[in-house]
**Student:** 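Below: one structure in structure tokens.
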Amino acid sequence: MTVTYQFPENFWWGSAASATQTEGSNNGVKGKDIWDQWFATEPNRFFEGVGPGVTSDFYNRYKEDIKNMKEIGHNTFRMSISWARLIPGGRGDVNQEAVTFYNQVIDELLANDIEPFVNLFHFDMPFELQELGGWENREVINDYVNYARTAFDLFGDRIKTWFTFNEPIVPVEGGYLYDFHYPNIVDAKRAIQVAYHTMIAHAKAVEAYHKDYNGKIGIVLNLTPSYPRSQNPADLKASHICDLFFNRSFLDPAVKGEYPEDLIKLLEEHGHLPVTEPGDQHLLKANTVDLLGVNYYQPRRVKAKDSLPNPYSPFMPDWFFDNYEMPGRKMNPYRGWEIYEKGIYDIMMNLKQSYGNIESFISENGMGVQNEERFLNNGRIEDDYRIDFIKEHLKWLHKAIEEGCNVKGYHLWTFMDNWSWMNAYKNRYGFFSVDLKTQTRTAKKSASWFAEVSQQNGFND
Ligand code: BGP
């Protein structure tokens, strides 16, 4: 039986990308960010020794890329501004060449009826500010707010949808807990301070935006439902703590303007509360988001710990839970992530039930696959697995909408194959493949499929 999945009018069909992953840091005038620095000092940490210098050369090819976006029915596209490009060094003078570049990209998108959503920070701290301590240093918050204000003033006449941060927990995990981002520190106390200051920077940017502009401003969070192995109270407790650390540490202050009591209690018990200032609480409460971007790739499955943590090992969120490998789980073996489509529905229902049904959209969802050339047929990659992946997620999203969730769109990660941090070009995610030698873009099968979905505002299956 064929079922029709029709989406609400004006649904946002598009994709997301980030500056560091697409522009090419060797292009144009640009200050150094932590990725340039890390790659210069430890190139071996990056898959096949490929760094952020060229990436997809969007800096020079944005016109062709935007034309392709238009062709596959994008009505929206999320990009990010590189702080180190707009303001080399992170503070001081604005780089006029960057202003021209971002103006051209924005104008080109608008001329093609694609609404640009702009994100201000996607893992890319200017190196000079990292040298001052990055988010550990409260002064850096002022630099960020100045940068945000500069961006609002330069582009706010045309940009009506802004995001302060993409996945702010990732630099915390990568840079301060699990060693997959610069500055490669392993120290939960510092990690928690970084997380807290990021949230304060976020709230101050929201405040600055609302003061002078009347578009929408939000945050993009990677919400990863924490499914317990069982209903055993010990497993439930493990999943609750996991949820506090990895979802609610940003979701609650962003949407409700306050941190969960249980999280505060737990950090207090372990002597890990961050340093705060008077006025912070009020700032958070008064500056909640207008809109939430939800990145969803994989669920988290957890169980109670099998053994007590080594008391000599550093304090970690993992002191409170073990990861659980559910037998029979469906996997994306290339990225090593479980595929669980219903997760998208569970997230949305949770936002509806516990977060005032805040306006949201899927700001990233996607499937990274290695060696996609295997699927080449007559010059194009036949990525039926990606079509299935998107379709199955969209079905659950559709159900959430039918049940009243306030979700406004779906963006794939990502528009074209791009540079993925330490994984560089290992896993490909795009609607368009990119030949790294020639920079030629070629539409994959999923691109044509998505064009139809967008045109029909839905699909039959
Ligand atoms: C998200 C990030 C993106 C992107 C994506 C794919 O967490 O916002 O920047 O990279 O994940 O993941 P990865 O690049 O690790 O394969």
Side-chain angles (χ1 to χ4, degrees), residues 14-25 33-35 38-39 45-48 50-52 55-56 58 77-83 117-125 163-175 177-182 198 218-225 246-247 250-251 292-300 331-339 343-344 347 361-372 383 385-386 389-390 393 410-434 436:
S15 59
S18 86
T20 310
Q21 295 177 274
T22 55
E23 290 175 4
S25 66
D33 63 33
I34 55 172
W35 295 95
W38 193 23
F39 180 69
R45 294 269 236 146
F46 295 78
F47 185 72
E48 292 177 342
V50 177
T55 63
S56 324
F58 182 71
F77 173 66
R78 175 167 63 103
M79 54 187 270
S80 79
I81 291 177
S82 157
W83 181 355
F117 292 178
V118 171
N119 168 36
L120 292 167
F121 190 94
H122 198 125
F123 309 166
D124 51 353
M125 177 65 79
F163 296 94
T164 54
F165 286 88
N166 174 80
E167 301 188 351
I169 199 157
V170 170
V172 176
E173 295 177 272
L177 291 173
Y178 305 123
D179 187 27
F180 62 92
H181 278 202
Y182 194 83
T198 308
I219 192 165
V220 172
L221 300 179
N222 47 322
L223 298 181
T224 314
F246 296 108
N247 296 315
F250 282 95
L251 180 60
L292 185 69
V294 175
N295 292 357
Y296 175 66
Y297 289 89
Q298 55 167 345
R300 187 189 287 274
M331 286 295 289
N332 169 0
Y334 313 101
R335 189 59 182 82
W337 286 348
E338 183 183 341
I339 299 175
I344 217 166
I347 293 172
F361 77 115
I362 296 300
S363 40
E364 283 181 33
N365 175 232
M367 188 180 180
V369 173
Q370 206 172 351
N371 300 329
E372 277 200 311
D383 55 345
Y385 43 86
R386 182 167 289 108
F389 180 98
I390 302 173
H393 281 88
Y410 177 91
H411 281 185
L412 186 81
W413 183 268
T414 177
F415 173 67
M416 63 186 150
D417 292 345
N418 68 19
W419 183 81
S420 264
W421 319 108
M422 281 180 84
N423 279 331
Y425 276 94
K426 178 169 174 275
N427 303 308
R428 306 300 177 92
Y429 283 89
F431 282 129
F432 281 76
S433 61
V434 176
L436 297 186

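Counting starts at 1 for both ligands and their atoms, in listed order. Everything quoted here is computed from the prediction, not taken from an experiment.
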**Student:** Please name the pair of heavy atoms, one in H411 and one in S15, separated by the smallest distance, quoted to 0.1 Å.
**Tutor:** ND1-O, 3.5 Å
**Student:** Decide whether a cation-pi geometry holds between R300 and F246; the criteria are a distance under 6.0 Å from NZ or CZ to the six-membered ring centre and an angle within 45° of the ring axis.
**Tutor:** yes
**Student:** Starting at CG of L436, measure out to OG1 of T55 and round the result to the nearest 0.5 Å.
**Tutor:** 10.0 Å
**Student:** Check ligand 1 for close polar pairs with the protein: N or O on both sides, less than 3.5 Å.
**Tutor:**
unit_1, atom_1, unit_2, atom_2, d
ligand 1, 7 (O), E167, OE1, 2.5
ligand 1, 7 (O), E167, OE2, 2.9
ligand 1, 8 (O), H122, NE2, 3.2
ligand 1, 8 (O), N166, ND2, 2.9
ligand 1, 8 (O), E364, OE1, 3.1
ligand 1, 8 (O), E364, OE2, 3.0
ligand 1, 9 (O), Q21, OE1, 2.8
ligand 1, 9 (O), H122, NE2, 2.8
ligand 1, 9 (O), W421, NE1, 3.1
ligand 1, 10 (O), Q21, NE2, 3.2
ligand 1, 10 (O), W421, NE1, 3.2
ligand 1, 12 (O), Y429, OH, 3.4
ligand 1, 14 (O), S420, OG, 2.5
ligand 1, 15 (O), R335, NE, 3.4
ligand 1, 15 (O), R335, NH2, 2.7
ligand 1, 16 (O), R335, NE, 2.8
ligand 1, 16 (O), Y429, OH, 2.6

**Student:** Give me the one residue out of W83, W35, Y182 that meets side chain to side chain contact (heavy atoms under 4.5 Å, CB included) with M125.
**Tutor:** W83
**Student:** Closest heavy-atom contact between E372 and D417?
**Tutor:** OE1-OD1, 4.5 Å
**Student:** Could you report the tightest heavy-atom contact between N295 and N166, atom names first, then the distance?
**Tutor:** ND2-OD1, 3.2 Å
